[in-house]
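Comments concern the structure below.
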Amino acid sequence: MDKGLHFTIWVVTTLLLLRESSQAGAGRNDDAVSTEDPYMMVRGAELEGYCMDLLAALAGMLRFQYRVKVVGDGKYGAISAGGNWTGMIGEILRKEADIAVAPLTVTSAREEVVSFTTPFLQTGIGILLRKDTVSQELSFFHFLSPFSKETWTGLLFAYLLTCFCLFLVARLSPSEWNEAKNEENHFTFLNSLWFGAGALALQGVTPQPQALSVRVIAVVWWLFTLALLAAYIANFTALLSSGSEQLPIQTFEDLVKQRNLEFGTLEGSSTFYFFKNSKNPIHQMIYEYMEKRREHVLVKTYQEAIQRVMDSNYAFIGESISQDLAAARHCNLIRAPEVIGARGYGIATTQTSPWTKPLSIAVLKLSELGDLDYLRNKWWESSCLRQSRDRWSPLEPPALGGLFLALGVGLALGILAALAELSNSSRHTAGHAKKSCCSVFIEEICTRLRIKESARPSQEPSGKANA
């Protein structure tokens, strides 16, 4: 272990010290302290948060002591008009601090003047919105959204197949249609369609099934429709509560095309310079919009950005990981799905610092041990966050696969029962008429399915010839 690691170091944190203006705070000598949740927060006389836990873990692994120093100007670090670095990067360069532990984005410009450790958090650039500002009118066919197109197609096929099986079994079963030559079968195909539709509406309709085989199919179809309606209602409720289908702004291109929301980012942040340096036409349009309205759309602090999103028609472009936290803390906020510019948060040191490599190795060890995941879950968890993770999606056929399988088995059992009923009846008829059971069985099927009618004209000429 390097002996230098036992020295006391100064750490620049994300705790922002903001002096009140002379107009607002006249006669007061205290400072207003604003914190960035959850990286660094004030609890009484102590500091806590993700960065404090990370510092404690690193200090325990590398055996060093540290003091927390508040960054003077409350900024992360950018090049000022005079060419000097502000914020944490500036204090590192001026050796006012040894390392900076904060949600400090690793960028090429910063890497040129300071060194970064292995990132301890991964993030990107996202869009934070207020839910009620991005809602749109529902589609005329919004009621079809709980199921996918493939599922609706499968349901239509299942309905037609079930009705056809009802029609077929009702004709084959002697218990349902006893005198095929003299009686009219009430289970016509149209009546079968009406019977199936009535089950979908949870309404009893006529004709009432008499045979066991028909009742098997009817009961299976009723159970199928009950489970289907339960799945539909549950998914439709989840759809209405999630609002995932009510987000017209899904991408940065959607943000540029709309005219209802203003959008901006933190002034002097790495996000602002990402759009400035990007060659992507959409990104250039976003930068030009923010540059022309700099005084109006750029914000000074992250807290100001969150408050502006909540109070006005404003979309905030920033770090996706911080936006996830905002959506967890404020249930009326939501982050758009698209995330661009994958990046990481690293610990900054001077380029000649002996801390860089040991700290990088320590961060990797914490990641391998699962400590970083533990800290992430500890400081980002909330009830709103759990709800936002339950992404709504329409039900696909595999989700209802067991239901379709049960219906198919029920239809097969109904057909087999009808054939068994017809076979038993044919056996009794063959015994009385002294005929073959197979011939009587085939004759019954032909009669009930009206196949015999087409065979009669071909038999008449042969009968006349014999005469």
Side-chain angles (χ1 to χ4, degrees), residues 141-178 180 183-242 245 390-425 444-445 448-449:
F141 295 99
H142 194 63
F143 67 94
L144 297 176
S145 299
F147 294 154
S148 65
K149 295 179 180 178
E150 295 78 8
T151 302
W152 283 116
T153 304
L155 293 177
L156 178 61
F157 177 77
Y159 168 69
L160 294 176
L161 179 61
T162 302
C163 293
F164 176 76
C165 289
L166 277 172
F167 166 74
L168 178 64
V169 169
R171 298 185 73 87
L172 292 178
S173 174
S175 301
E176 191 68 43
W177 194 22
N178 189 21
E183 293 181 357
E184 182 68 24
N185 189 347
H186 297 294
F187 264 99
T188 63
F189 187 65
L190 289 179
N191 285 344
S192 299
L193 291 175
W194 180 245
F195 184 89
L200 284 172
L202 301 180
Q203 300 294 321
V205 294
T206 56
Q208 299 294 333
Q210 303 295 327
L212 174 64
S213 55
V214 182
R215 289 179 176 180
V216 168
I217 293 181
V219 169
V220 171
W221 176 246
W222 288 337
L223 294 177
F224 177 84
T225 55
L226 283 175
L228 180 69
L229 290 174
Y232 176 87
I233 293 172
N235 211 35
F236 194 58
T237 303
L239 165 64
L240 295 179
S241 61
S242 67
E245 286 293 300
D390 298 332
R391 298 295 183 185
W392 177 91
S393 61
L395 284 180
E396 298 289 343
L400 300 175
L403 203 56
F404 283 103
L405 178 61
L407 178 63
V409 172
L411 296 180
L413 290 176
I415 294 175
L416 291 176
L419 292 175
E421 293 171 357
L422 183 60
S423 175
N424 187 48
S425 176
E444 280 288 330
I445 290 181
R448 293 174 178 278
L449 299 182

- Message: Given 3.5 Å as the limit, does a donor-acceptor pair link the side chain of Thr153 with the main chain of Lys149, or not?
- Response: yes

- Query: At what distance, to the nearest 0.5 angstrom, does OG1 of Thr188 lie from CG of Leu166?
  - Reply: 11.5 Å

- Query: Should the ring pair Phe164 and Phe167 be called parallel, tilted or perpendicular, given that the plane angle runs from 0 to 90° and is split at 30 and 60?
  - Reply: tilted

- Query: At what distance, to the nearest 0.5 angstrom, does OG of Ser145 lie from CZ of Phe236?
  - Reply: 7.5 Å

- Task: Working to the nearest 0.5 Å, report the span between CZ of Phe224 and CG of Leu403.
- Result: 4.5 Å

- Task: Starting at OG of Ser173, measure out to CG of Leu419 and round the result to the nearest 0.5 Å.
- Result: 10.0 Å

- Item | Contact check, side chains of Leu155 and Trp152, non-hydrogen atoms, under 4.5 Å | yes

- Query: SG/Cys165 to CG/Leu172 distance, rounded to the nearest 0.5 angstrom?
  - Reply: 10.5 Å

- Task: Examine Phe147 together with Tyr232 and report whether their ring centres are nearer than 6.0 Å.
- Result: yes

- Test item: side-chain donor near acceptor, Gln210 and Ser175, under 3.5 Å: no

- Query: Can you say whether the rings of Tyr159 and Trp221 are parallel (under 30°), tilted (30 to 60°) or perpendicular (over 60°)?
  - Reply: tilted

- Task: Taking the side chain as every heavy atom from C-beta outward, state whether Leu407 and Leu223 have any atom pair closer than 4.5 Å.
- Result: no

- Side-chain heavy-atom pair Ile415, Ser213 within 4.5 angstrom cut-off: no

- Message: So if I apply the side chain to side chain contact (heavy atoms under 4.5 Å, CB included) rule between Pro209 and each of Val214, Ile217, Val219, which one comes out positive?
- Response: Val214

- Item | Pro397 vs Ser148 side-chain heavy atoms within contact, under 4.5 Å | yes

- Task: State the CG-CZ distance between Leu228 and Phe404, to the nearest 0.5 angstrom.
- Result: 7.0 Å

- Query: Are Val220 and Leu411 close enough that some pair of their side-chain heavy atoms sits under 4.5 Å apart?
  - Reply: no

